[in-house]
Each structure stands twice: as structure tokens, then as C-alpha cells.
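All values derive from a computational prediction rather than experimental measurement.
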Amino acid sequence: MHGAEKLNQVYRSGASVRRPLDHSWTTISAVTLRTLAWNANSTTLRATRARRSRVENAGIQWQLMSTSGDLSEMTTSSNYYGPAGTLKLNRVNEIAGLMGSAGEQLCLAWTAEQDAQRWRQGGRGIKAIQQRMAIRAYSEMAAYFCLGAANSLANIGLQVMILDERLVAPMGKKFAHFDPSVYKVGSDSRKDWLTFSKELLEALKKAADVAQSDRCLGQHHSSTTARARCLKLVSVLADLHADSRFAALDNRRGMDYHRHRPQSLPTSSPRSGAWVEGDGIRSIDGGGVRPDPFHDEREIHQIAVQGMEAVTTAMNRARPLIVGAAAALGYVLVSHEA
């Protein structure tokens, strides 16, 4: 491409990057950070007890998808079998880019969780309150990026369905603006990026149920291939949404971001109120402090870990299904392995 070889490379912070001797065009296609501390090095960085390589590797594989948006567009345009005027330009490019973005989010969640582990291991001179605040901060950061990756995954599912304009109408009036006559690729409009919800899942299932394989290379797909693959992809999304680990992650983020986030310090202004009532008696402890029962940093860290594992499983399951469903609808997503 462009007269040069495009090489996929993964860069892990602290590791060297191999470059070819002839200085041909080299692309760093995926990045992971060992820590968010700017001045850490391999000598001073503490090893974690749980490496969680499965999470890191999943993020890398998803990042690699964004290296071939251009190639995917060219390959699709050469192999599309739909009626004239139905090929939608830049759609697979957008899906590939969104997959790369979701992969970066998962890798950042992994990094934040690794740093949470380092704070849990403690060290000389670290006070309990400092430890609690830091573990919570890194765990909440991991949760934030995990939920972002999950929402990206759901929107990728939507982007796959609207590759075929015939699948838009079955989703209902609320989704009518995704018709190609209205929807613009690369949109920054809030209405074009949907929350991962039961309502979205129901709409995607209706779309998948009528998917057809008449716009791809017919010798590779039967008439029911698109429907089967699209329904499998929606099933992966539904499994993640119903997973108790993901629900706990989403609920905790709601408390920490939308509602009254529990303070790490014991406080004289507890969320439960200053007055205590019982047996007809009201009492107040002036000057006293109480810890919030929901500020336990170990529990918050565990919620983040389990949620991250659930999102990783869904992303590992979904990646080949996204490629396969798009192919059955007539669009080629070129994929790479690290």
C-alpha cells in the first residue's frame, strides 16, 4: 500500500519496538501501558499478582482491527454483489475504527486495574486512607473504560445491522434516522450513538431476524447465513447485558458518577443522614464520624475486575461474529492477529 509495506506491531510500554532495516513504512497498530505513572520504569515498577493477560490480549486484537479500514473498503467495493447504488461507502471503515477504539478502552481498563493491584499491595509509608482512595480511583477508571468498551460493542452491533438499509425499518420509528438517506458516517450527533440497553437489544434482534445474504459472494453464503450470524452477534450482546457481573459494574458506576458517591474518609455528613431514629427515639452524634458502608475499596476493585472479565469475554466472542455478519451482508472487514 502506498508503495510501502504496512507492518502490524504491538507496543507495550517499556518494551522496544522492532523496526525493519530498510526503514519501510511501519505502523504501531496497538498500544498497551504497563502503568499510568509517567515516571515508572522496568526497574521500579512493581509486578502485579494477577497479570490478566487475557484482557490485555483482547484489547490488542481489537485495536488491530483499525489498521485496515482502507483495505476493507477497497476489498468490499471489489466484491459487493448488491444492486447498483446500495453499496455504502466508509461503513466498514467506521466499524473498523470503532473496534480499534473499543480495544484501546479495554487496554486502558486493564492498565488502571493493574495499578489498582499495586496500590492494594501497599508499601512503606502509605496510609490506609491514601490506599483506599487510590484503589477506588483506579478501579473506577477501569470501570469507566470497560463500560465505554461495552457501549462501543453495542453500537458496533448497530452499525453492522445498518449495513443493509432493509434492516432499519424493522427496528422501529425510533431508529428511522439510521436510514442511509439520513444517517451520515462519522456522525458526532448524540442521537446516533445509543446506550447499551434492552431497548437497543430488542431492536437489533428484530433487524437480525430479517437479514439476508443476497449482496455477498453467493458461493460462500446460503440465503440464511446473514440471519444466523447477525442473531449470534445480538445473542453475545444480550448475554453481556444480562451478566450479573456487568450489571454490578453498571450499577456501581451509577452510584459513583450519577448519584452520591460514597466518601473514602469517615464523615460527619453520612449519606444515611445525621439523625438516627428508632423505637420512637431520635438521636444525633455531634462531632462524630462514620465510615460509609459502600466505600470498601476491595469490593469496588472486585466489581471492576469481574466486570472487566465479562466485557472481555463478550469482545472475544463478538469479534469473529462482527467480521462474519458483515461478510454475510456483503461487506469485508479485513482482520489481523497480533
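- Taking CD1 of Ile156 as the start and CG of Leu98 as the end, the distance is 4.0 Å to the nearest 0.5 Å.
- Scored by the side-chain contact (heavy atoms from CB on, under 4.5 Å) test, Arg253 finds Leu147, Tyr257, His258 as partners (sequence neighbours excluded).
- Applying the ring-ring contact (aromatic ring centres under 6.0 Å, His included) definition to pairs two or more places apart or across chains, those involving residues 226-252 are Phe196-His241, Phe196-Phe246.
- By the side-chain contact (heavy atoms from CB on, under 4.5 Å) test, Arg190 is found to be paired with no residue, residues two or more places apart in sequence or in another chain being considered.
- Applying the side chain to side chain donor-acceptor pair (under 3.5 Å) criterion to Arg259, with sequence neighbours excluded, gives no partner residue.
- For Lys184, the side chain to side chain donor-acceptor pair (under 3.5 Å) test picks out no residue, with sequence neighbours left out.
- Cluster partners of Ile284, by chain and number: Trp275. The rule joins Ile, Leu, Val, Met, Phe, Trp and Tyr whenever side-chain heavy atoms lie under 4.5 Å apart.
- Contacts of Ser189 classified as side-chain contact (heavy atoms from CB on, under 4.5 Å), with partners at least two apart in sequence or in another chain: Ser187, Lys191, Asp192.
- The salt bridge (Lys or Arg N to Asp or Glu O under 4.0 Å) pairs that include a residue from residues 76-102 are Lys88-Glu165, where partners are two or more places apart or lie in different chains.
- Residue pairs that meet the salt bridge (Lys or Arg N to Asp or Glu O under 4.0 Å) test with at least one member in residues 104-124, sequence neighbours left out, are Arg52-Glu113, Asp115-Arg118.
- Sorted by first and then second residue, the side-chain hydrogen bond (donor to acceptor under 3.5 Å, both in side chains) pairs with a member in residues 140-153 read Gln105-Ser152, Glu140-Arg261; sequence neighbours excluded.
- Annotation: ring-ring contact (aromatic ring centres under 6.0 Å, His included) contacts of Phe175 (sequence neighbours excluded): none.
- Taking Thr313 as the reference, Arg54, Arg317 meet the side-chain contact (heavy atoms from CB on, under 4.5 Å) condition, with sequence neighbours excluded.
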